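Model, not experiment: these values are computed from the prediction. Just follow the structure's listing: the first ligand is 1, and inside any ligand the first atom is 1. Throughout, residue positions are numbered sequentially from 1 according to the sequence presented.
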Amino acid sequence: MAPSEDCGWLLYLSLAAKCGGPHRLLGFAAVVAAAFVVTALLHWASPGGPAWGWYWWTRRAGLGIVGAAIPGPRGLPVLGSMGLMTGLAHRKLAAAGKARRRLMAFSLGETRVVVTADPDVARELLASAAFADRPVKESAYGLLFHRAIGFAPHGAYWRALRRVASAHLFSPRQIAGSAAQRAVIARQMVDAMTKQQGGAGAVRARRFLKRASLHNVMWSVFGRRYELLQAADGEEAAELKSLVDQGYDLLGQLNWSDHLPWLARFDLQRTRARCAALVPRVNRFVGRIIDEHRAARLRHGGAAAVMDFTDVLLSLQGSDRLSDADMIAVLWVRTYVAPSPYGEMIFRGTDTVAVLIEWVLARLVLHQDVQRRVHEELDRVVGPGRAVTESDTASLVYLQAVVKEVLRLHPPGPLLSWARLATSDVHVGGHLVPAGTTAMVNMWAITHDPAVWPDPAEFKPERFVGSPDHAADESFPVMGSDLRLAPFGSGRRVCPGKSLAMATVGFWVATLLHEFEWLPPASGDPPRGVDLSEVLRLSCEMAIPLEARLVPRHAV
Ligand code: HEM
């Protein structure tokens, strides 16, 4: 509630008190409370709950226009269906939307939301120009995300950022150019895992994968090279890790005051306070790196010896030129770009890649027959005498099918994470979706729908290698043109890092499989020790980190 509204209420109450003493005041308060309860119940009674009720009532009163309401659960008065977005939201939404796959409405406090679990409606929604914006919430503003690619409003600034990132970070030439960097990090991972396996008897892959992904992004963006092993980490890497961890924490939570604005002043989850403490540290960290880049460019007569993404931003001229504050937003967010299933954020660049590789490895530990086929393919294509190179991955057809099948069963952003915001009234799936509505695609529900994928719960990479009795083959595109499996989203705001992500995942998985046999920590048949339970944080990751015994496949 705005401060002026507070003053209004106080004025009414003091007037009422003056006019008739405490009894009148109490009576007035009771009438106000009763009016509030009746209004809340009337709004709540609409399909989709209170936020939709509010919309339909004001529409009826103001314009006399009523379209067919979108079906959906009412949830609780005032709060709506906040419970749907806690825990494993994708599964809860899929269960709630079973009978309303095409489009379901629900309310998150005062926020109107629609979600679809139908590939055709998903295509309509993601391709529509009316959904090219994203809802930006309090924590996003606090962390400057609204100036970064993922959350900048659709317009000239966003287009300029995407153009620069596409040309200098995500183009095929840039991706090929950074292959050597990924090879160095892959080697560091193999060495670090070999060392840990020797000491502990089993390896917990997650910490290496997360560090490897973060170091990879830091290298491309800031030109920084870190070692993977803890002991070799300096102060800067430790500060980086702490900043990223705190950012994860902030962005991963469902911020109640984003949907119940009258709660915002209390800052109950301390979102604002924690953002305020984090931002100056981020500014110092990134600002120092920018200053170092500026100084190096001056030393080299205005150009960098080796261009990283910071140099690219510094070299922009004319209308593309960014202020220091925007540059910090773009660079920092780039290190962990990602909105959450709540319509807010998940760190993308680093988190998703590590999360996906951990799922792939877990599936391969669990399905030893599939792992054997991957090893056979690696022996045929690469052989024991040399390391895998990134150009080998094009020939590793079965391994690519494994990655696709894992993307289908465990999409890192099961709700496509980065929700969209309707900027104008628009018709989707036969319904009117009003401007200001948050829209989501439940990709997890689509990839687990038996009407879309036969035996959806089964892990069958074969479905992507041309088996005639399956719905797909090796040419099945996962980059957003077929909404039956579009883990990177689709349309104007499709993930720009998708090719880089697929190149990184394919190459690192191939290397880790070429070097090691991945066995369950405890022997047995079926293998024990791999728990596929999920937890939805910034991405949907394994609730119990994978542990595996690694056996080197080639003599050193
Ligand atoms: C397996 C890895 C990844 C997955 C599953 C993934 C998934 C996604 C999804 C679902 C979206 C939303 C798309 C939409 O709204 O239609 C997205 C957006 C985005 N992703 Fe990724 N992503 C991955 C890796 C990366 C990487 C490596 C980067 C960069 C280093 C990146 C940068 C971005 C950015 C900047 C956006 C926002 C685009 C915009 O709003 O214009 N992602 N990603």
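Those atoms of ligand 1 that come under 4.0 Å of a heavy atom in Trp158, given as number and element, are 39 (C), 41 (O). Listed by number with element, the atoms of ligand 1 under 4.0 Å from a non-hydrogen atom of Arg162 are 38 (C), 39 (C), 41 (O). Taking every non-hydrogen atom of Gly489 and a distance limit under 4.0 Å, the qualifying atoms of ligand 1 come out as 10 (C), 13 (C), 14 (C), 16 (O). Numbered from 1 in the order shown, with element, the atoms of ligand 1 that lie under 4.0 Å from a heavy atom of Ser490 read 16 (O). In summary, the atoms of ligand 1 found under 4.0 Å from a heavy atom of Leu356, numbered by their order in the structure, are 1 (C).
Residue-ligand proximity: Pro487 is placed with a non-hydrogen atom under 4.0 Å from ligand 1. Contact between Leu416 and ligand 1 is present, with at least one heavy atom of the residue lying under 4.0 Å from the ligand. Not a single heavy atom of Lys498 lies less than 4.0 angstrom from ligand 1. Under the 4.0 angstrom criterion for non-hydrogen atoms, Arg420 is in contact with ligand 1. Under the 4.0 angstrom criterion for non-hydrogen atoms, Pro496 is in contact with ligand 1.
Using the six-membered ring where Trp is involved, Phe222 and Phe285 have ring planes that are perpendicular, over 60° apart on the 30 and 60° scheme. Ring pair Phe516/Trp518 is perpendicular by interplanar angle, where above 60° counts as perpendicular and below 30° as parallel.
Remark: ligand 1 and Arg493 share an N or O pair separated by less than 3.5 Å (distance only, no angle test). Between Arg492 and ligand 1, no N or O atom pair is found at a separation short of 3.5 Å.
Residues that satisfy the salt bridge (charged side-chain N to carboxylate O under 4.0 Å, His left out) test with Glu534, not counting sequence neighbours, are Arg91. Residues meeting the salt bridge (charged side-chain N to carboxylate O under 4.0 Å, His left out) test with Arg363, sequence neighbours left out: none.
A side-chain donor-acceptor contact under 3.5 Å links Lys92 and Thr86.
Taking 4.0 Å as the cut-off between side-chain N and carboxylate O, Lys210 and Glu541 count as a salt-bridged pair.
To the nearest 0.5 angstrom, Lys404 atom NZ is 11.5 Å from Leu399 atom CG. Ile290 CD1 to Leu313 CG: the interatomic distance, rounded to the nearest 0.5 Å, is 8.0 Å.
Within a 6.0 Å radius of CZ in Arg159, more than 12 heavy atoms belonging to other residues, nucleotides or ligands are found.
Comparing heavy-atom distances from atom 4 (C) of ligand 1 across Phe488, Trp359, Phe131 singles out Phe488 as nearest. Checking Cys495, Ala132, Ala501 against atom 22 (N) of ligand 1, the nearest heavy atom belongs to Cys495.
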Decide yes or no on salt bridge (charged side-chain N to carboxylate O under 4.0 Å, His left out) for Lys460 and Glu405, but give the supporting numbers first. CA-CA 7 Å; Lys460 286 186 181 173; Glu405 180 66 344; over 6 Å; no
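Residue contacts with ligand 1, taken as heavy atom pairs separated by less than 4.0 Å, do not involve Met502 at all.
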